[in-house]
Amino acid sequence: MSVEHTESSAAAAAPAPSDFIRDIVAKDLAAKRYEKIVTRFPPEPNGYLHIGHAKSICLNFGIARENDGQCHLRFDDTNPVKEDVEYVDSITADVNWLIAGWADHCLGLKSKGAHPVRQVVNGREDFHMPAVLESEIRNPKSEITAESFFASDYFEPLYHFATTLIKKGKAYVCDLSPKETDEYRGAPDRPGRESPWRNRSIEENLDLFQRMRAGEFPDGARSLRARIDMASPNVWLRDPLLYRIRHVAHHQAGDEWCIYPLYDFAHCLSDYIEGITHSVCTLEFEVHRPLYDWMLENLDLPRPRPHQYEFAQLNLSYTILSKRRLLQLVQDKLVNGWDDPRLPTLSGVRRRGIPASAIRRLATIVGVTKYDSVTDVALFEHAVRDELNAIALRRLAVLRPIKLVLTNIAPGEVIEVDATDNPQDENPTTRKVPFTREVFIESEDFAELPPPKYFRLKPGGEVRLKYACIIKCDEVVKDPAGNITELRCTADLSTRSGGANADKKVKGTIHWVSASHALDAEIRLYDRLFTVAEPGATDDFKKFINPHSLDVVTAKLEPSLRNATPGQRFQFERLGYFALDPKDSAPGKLVFNRTITLKDTWAKGGKP
RNA sequence: UGCCCGAUAGUGUAAUGGUAGCACGAACGACUCUGACUCGUUCUGUCUAGGUUCGACUCCUAGUCGGGCAGCCA
């Protein structure tokens, strides 16, 4: 039995990509600015990952693997009210799936339960927590178990850094309400006003901040703010908030805290603590970069500082790539959960049968720029087909069967024919497929009144049954209502492979399944979820949902498919690529998801 | 009407002052026991106007168009 390949050789042999961020990394390495390149993928655990995130994962892990570096998986979990361990688990699984066999050796993890340790470097205070060495994780004698990084592991150092800023007169406790803070901030084209609490003494700030932590004040009563410039044209520099009060438990840190740091304070310092060198994020954070640099500069940190670089996030035509909107589709039950195969979530595309290698190929194809583009989903579909073509086992399946009787084959006679598992292989393996008097063929493959250039079966016409022989249609049998109930044909067994007339040519070759051997299976036929190219262009994206995005049929399969394993991918010849659904299949119950159709130039343009 | 960023075939990208190339897509053709794959041919492009230069997709100026930023979200 042939074993499925894990990655096409084309993808494996592809040259390392080049882009403006990789150029910067290469220059930094050449200038010996860093000893080792360390990147990070920092999701907030508040939703499922999708192929937009995959672009970022491929970039960050790609940079790491091309430079013998590391990429940390870090949960940016600074806002407990939106987060949940459900998401931590799904994100962990998705990342591991995407990098498996490709960059898993670059995955940076920390030892379980570890927290950064306070140290003094060149007389300056520091917190550092590098990844555990891969050699230690792999060492069977090592007692280290590794886990992802969590920003919540840095709450204590972060609190300490905040205290340092207060002592330097660069942060203060502000008593303005959220609404007032908003009013004081001004607008992009109008400067803000300074908070009346901006000039509190260091002692008072220290005392108040400590009491914030101790839980003396209710949510929203006070905040800690950086003291920068309320007149800055960049609104993010107008005394941004560093800490807010939230009396809620944290999914990782438990009940220990009631003040939580905000992104702009936590992220740059988390990067620093972990020894990140290149902090890559999407374009909308461009205006935050001055703040990122401000934090690190004003804390006077002893080790090399990370730098932030921004790239354009992925947009795909006919696809929604927004956590918020995907959440709506799930909550409104317009799809069946986060792993619905119609969704662009990583769990969805995985369940659909799309290989991780195809996602990585998409990332390479779209590249990395600062141009806000919409990638034609056809580019993705090509990557999927190309990967699948190389690795998927060919099988015979009939989606919408009609019965065909070969009148010159005896009832009960079974002819075993050889079928190729994958013609793309250098030395393709074969399997035996039973061929009998009664077979099913695709109803689409017969036309009583054929259009011009129709290669398939028609009354009086000839066609080859793939791997078997050429047949001729003698009679069309109908019920009283005029529906075709069966086709009666004669088989020319001399045209079998190895037979006297094996080389006889006919225009059409069609697929079939022996009726007496056929397996019934539920097949889920997916089409794109949206009917318009840019469903996300307006807020009413739900109105563009394709009512035919899912069609379910009961198909007839060749018997060897009985042994299909969950997630295993096949090409049903002439139809497309299909994967056994890992969730709804059971012993004796086969459920297949159609990953994608084969390219079909006949259906598109040839068919009148 | 503030600040920041961007613009190369239909789509995505390359060319880092020196021949505008690649992939997808589309059309046509060849091959075919998958109307798939593969192969061949063709198609379409540097936002505009000035300037610097022997030479500009690339540098400068202005404009046009597009995107981002005013959460105690990330």
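Residue numbering restarts at 1 for every chain, and letters A, B, ... go by the order of the sequence lines. Fair warning: this is a prediction, and the values are worked out from it, not measured in the lab.
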Classify the nucleic acid contact of [X] as base, sugar-phosphate or nothing, counting any heavy atom under 4.0 Å across all strands shown.
{"X": "A:E573", "answer": "base"}
{"X": "A:K505", "answer": "sugar-phosphate"}
{"X": "A:A187", "answer": "base"}
{"X": "A:Y454", "answer": "base"}
{"X": "A:P290", "answer": "nothing"}
{"X": "A:R185", "answer": "sugar-phosphate"}
{"X": "A:V374", "answer": "sugar-phosphate"}
{"X": "A:F285", "answer": "base"}
{"X": "A:K466", "answer": "base"}
{"X": "A:Y371", "answer": "sugar-phosphate"}
{"X": "A:Q571", "answer": "base"}
{"X": "A:S497", "answer": "base"}
{"X": "A:L283", "answer": "nothing"}
{"X": "A:G220", "answer": "base"}

One thing to verify: whether A:K466 and A:E573 come together as a salt bridge, which I'm taking to mean a side-chain N less than 4.0 angstrom from a carboxylate O.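 Looking at A:K466 together with A:E573, the answer is yes, because their closest N to O distance falls below 4.0 Å.
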Quick check on the 6.0 Å ring-centre criterion: do [X] and [Y] meet it?
{"X": "A:F41", "Y": "A:F149", "result": "no"}
{"X": "A:Y292", "Y": "A:F285", "result": "no"}
{"X": "A:F20", "Y": "A:F311", "result": "no"}
{"X": "A:Y263", "Y": "A:H267", "result": "yes"}

RNA chain B contacts made by residues 229-236 of chain A, counting heavy atoms under 4.0 Å: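 Correct list: A:P233, A:V235, A:W236.
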Name the pairing partner of [N], where a pair is Watson-Crick or G-U wobble with both distances under 3.5 Å, or state none.
{"N": "B:U11", "answer": "B:A23"}
{"N": "B:A74", "answer": "none"}
{"N": "B:U46", "answer": "none"}

My understanding is that only one of A:R400, A:H511, A:R456 makes a side-chain hydrogen bond (donor to acceptor under 3.5 Å, both in side chains) with A:E442; could you say which?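 Between A:E442 and the candidates, side-chain hydrogen bond (donor to acceptor under 3.5 Å, both in side chains) is satisfied uniquely by A:H511.
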Measure from the side chain of [X], starting at C-beta and using heavy atoms only, and say which of [options] lies closest.
{"X": "A:T509", "options": "B:U16, B:U34, B:U11", "result": "B:U34"}
{"X": "A:R244", "options": "B:C72, B:A70, B:C37", "result": "B:C72"}
{"X": "A:E44", "options": "B:A74, B:G25, B:C72", "result": "B:A74"}
{"X": "A:N79", "options": "B:C69, B:C37, B:A74", "result": "B:A74"}

How far does the P atom of B:G6 sit from the matching atom of B:G55, given to the nearest Å?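 Their P atoms lie roughly 27 Å apart.
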Counting just side-chain N and O atoms, does A:R394 come under 4.0 Å of either OP1 or OP2 of B:A36?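 No, outside the criterion.
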Is it true that the NZ or CZ of [X] lies under 6.0 Å from the centre of [Y]'s six-membered ring and within 45 degrees of the ring axis?
{"X": "A:R211", "Y": "A:F217", "result": "no"}
{"X": "A:R528", "Y": "A:Y318", "result": "yes"}
{"X": "A:R246", "Y": "A:Y260", "result": "no"}

Do any N or O atoms of the protein come closer than 3.5 Å to N or O atoms of nucleotides 28-30 of chain B, and which pairs are they?
none

Qualifying residue, where the test is ring pair (Phe, Tyr, Trp, His ring centres under 6.0 Å) with A:F572 and the options are A:F578, A:Y577, A:W512: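 For A:F572, the ring pair (Phe, Tyr, Trp, His ring centres under 6.0 Å) check succeeds only for A:F578.
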No-H, no-angle donor-acceptor pair, A:R456 side chain to B:G35 base, under 3.5 Å: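 Yes, the side chain and the base share a sub-3.5 Å donor-acceptor pair.
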Report the glycosidic orientation of B:G25: syn if within 90° of 0, anti in every other case.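 B:G25: anti.
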Is there a donor in the side chain of A:T495 and an acceptor in the side chain of A:N501, or the other way round, less than 3.5 Å apart?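 The answer is no; no qualifying pair exists.
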